[in-house]
Number of protein chains: 2
Amino acid sequence: MPPVIDHDLGWTLGMVFRAYVKTSDEVFTNVPGGARGYLVLTAAVNEDPIPIGALAQRLGIDKTVMTYVVDGLEEAGFVERRPCPGRDRRTKQVAGTTLGSQVWDATQARLRRGEDHVLAALDPAERETLRALLQRLAVDAQTHHPVHDACQLVEDLA
Amino acid sequence: MPPVIDHDLGWTLGMVFRAYVKTSDEVFTNVPGGARGYLVLTAAVNEDPIPIGALAQRLGIDKTVMTYVVDGLEEAGFVERRPCPGRDRRTKQVAGTTLGSQVWDATQARLRRGEDHVLAALDPAERETLRALLQRLAVDAQTHHPVHDACQLVEDLA
DNA sequence: TATTGTTATACTCTATAACTATA
DNA sequence: TATAGTTATAGAGTATAACAATA
């Protein structure tokens with residue numbers, strides 16, 4: 001019998017994702033919150049600051065999780081919470097510090113090697129193709145806010 | 001500032017993986033063990049039977065998890081544990097039942113629609129490309145047994 | 001009353017290790 | 001003594017809901 005499993009999207013995605021997570025455990029030892037902390041740090045250092053809640057939604061992180069991820073990064077001195085410029089004093093934004101920027105740069109380099117490890121089976125062109133396709137799916141999933149209305153999906157499947 | 005996050009492999013993989021998991025929650029309501037149960041069922045129904053432990057390793061599932069996944073499938077009557085043909089009476093293999101086969105067929109169809117949902121942003125050719133690339137990475141990760149020796153990776157990253 | 005961010009609780013996973021029966 | 005499968009325990013992770021401050 002042929003290896004049916006190899007064609008299963010769930011299996012392939014899961015295997016690749018877990019391989020990435022394993023690698024990231026090694027890469028992100030210096031970043032509180034691991035891969036998720038790195039994600040927040042990336043946004044804080046490189047992107048325009050937005051309210052914490054909005055960032056959580058954008059990254060696909062639960063807002064309660066976001067709180068202690070930011071806690072960890074702030075304790076390490078990589079980011080800091082600031083009041084938002086607007087006049088709504090409830091909102092805070094997360095901004096990267098100089099130290100955070102340096103750490104991010106260094107981690108970037110390590111990450112690239114970690115990713116090479118995961119993508120070792122593909123040549124450079126294929127890696128780019130994969131990245132581009134995944135990016136489109138991810139952005140699509142985020143904008144459509146995945147299957148947030150499960151009802152519609154259930155109908156689709158019926 | 002540009003959206004740096006969108007280019008992060010960890011973020012894209014995570015988003016797509018979670019979108020898949022969400023969808024699979026809807027698709028696999030009739031399969032004990034969810035996506036993982038379906039994986040085991042797929043192997044049991046379609047592939048040559050191998051010892052439980054070997055199957056666990058092949059699917060990337062922990063052997064203790066495998067036990068209760070198989071428990072669930074067996075209670076539902078979708079698979080059954082059998083002694084292995086060889087003479088080692090410790091090993092058992094998981095074989096799909098007729099009912100299991102029928103359930104698998106039906107679930108297959110639902111799954112395809114669920115996957116279409118996740119891959120909606122890509123055209124048919126792109127979907128095939130993505131599947132093929134992921135498959136190669138997954139098979140590679142499984143054979144190389146991911147980063148099972150983290151030591152070597154740590155060296156690589158140093 | 002609704003919303004932002006935080007805290008607290010409970011629950012679900014998963015990883016570890018111990019156990020049994022064979023070898 | 002080592003291995004296949006199972007069981008039991010504990011720890012990490014996550015989701016839910018309640019909370020304080022502001023709107």
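The sequence lines fix the lettering, A, B, ..., with proteins before strands; numbering per chain opens at 1. Since this is a predicted model, take the numbers as computed values, not measurements. These values consider heavy atoms only, across backbone and side chains, with no hydrogens, waters or symmetry-generated copies.
A salt bridge links A/Arg82 and A/Glu80; the closest N-O separation between the charged side-chain nitrogens and carboxylate oxygens is under 4.0 Å.
With hydrogens and angles ignored, a donor-acceptor pair under 3.5 angstrom links the side chain of A/Arg90 to the base of C/dT3.
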Pick out the pairs of N or O atoms, protein on one side and nucleotides 18-20 of chain C on the other, that lie under 3.5 Å.
none

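For the pair B/Trp104 and B/Phe78, the minimum side-chain heavy-atom distance is 4.5 Å or more. Between B/Asp88 and B/Thr91, some side-chain heavy-atom pair lies under the 4.5 Å cut-off.
Here the range on DNA chain D touched by chain B, meaning any atom under 4.0 Å from one of its heavy atoms, is D/dA2 to D/dT7.
Remark: C1' of C/dT7 and OH of A/Tyr68 are 12 Å apart, rounded to the nearest angstrom. Atom-to-atom, NZ of A/Lys92 to C1' of C/dT7 comes out at 12 Å; the value is rounded to the nearest Å. Whole-Å rounding puts the B/Ile61 CD1 to C/dA15 P distance at 12 Å. The separation between A/Met66 atom CE and C/dT4 atom C1' is 13 Å, rounded to whole Å.
Using modelled atom types, no side-chain atom of B/Ser101 and backbone atom of B/Thr98 make a donor-acceptor pair closer than 3.5 Å. For B/Ser24 (side chain) and B/Ala35 (main-chain N/O), no donor-acceptor pair under 3.5 Å exists by modelled atom type. With hydrogens and angles ignored, the 3.5 Å screen pairs no side-chain donor or acceptor of A/Glu74 with any backbone N or O of A/Asp71. When atom types are taken as modelled, the side chain of A/Arg81 and the backbone of A/Lys92 share no donor-acceptor pair closer than 3.5 angstrom.
Mapping A/Asp88 and A/Asp71 onto DNA chain C by nearest heavy atom places A/Asp88 at the nucleotide closer to the 5' end. The nearest heavy atom of DNA chain D to A/Thr64 and to A/Arg36 marks one nucleotide each, and the one closer to the 5' end goes with A/Arg36.
The two residues B/Thr12 and A/Ala138 make their nearest non-hydrogen contact at CA-CB, 3.7 Å.
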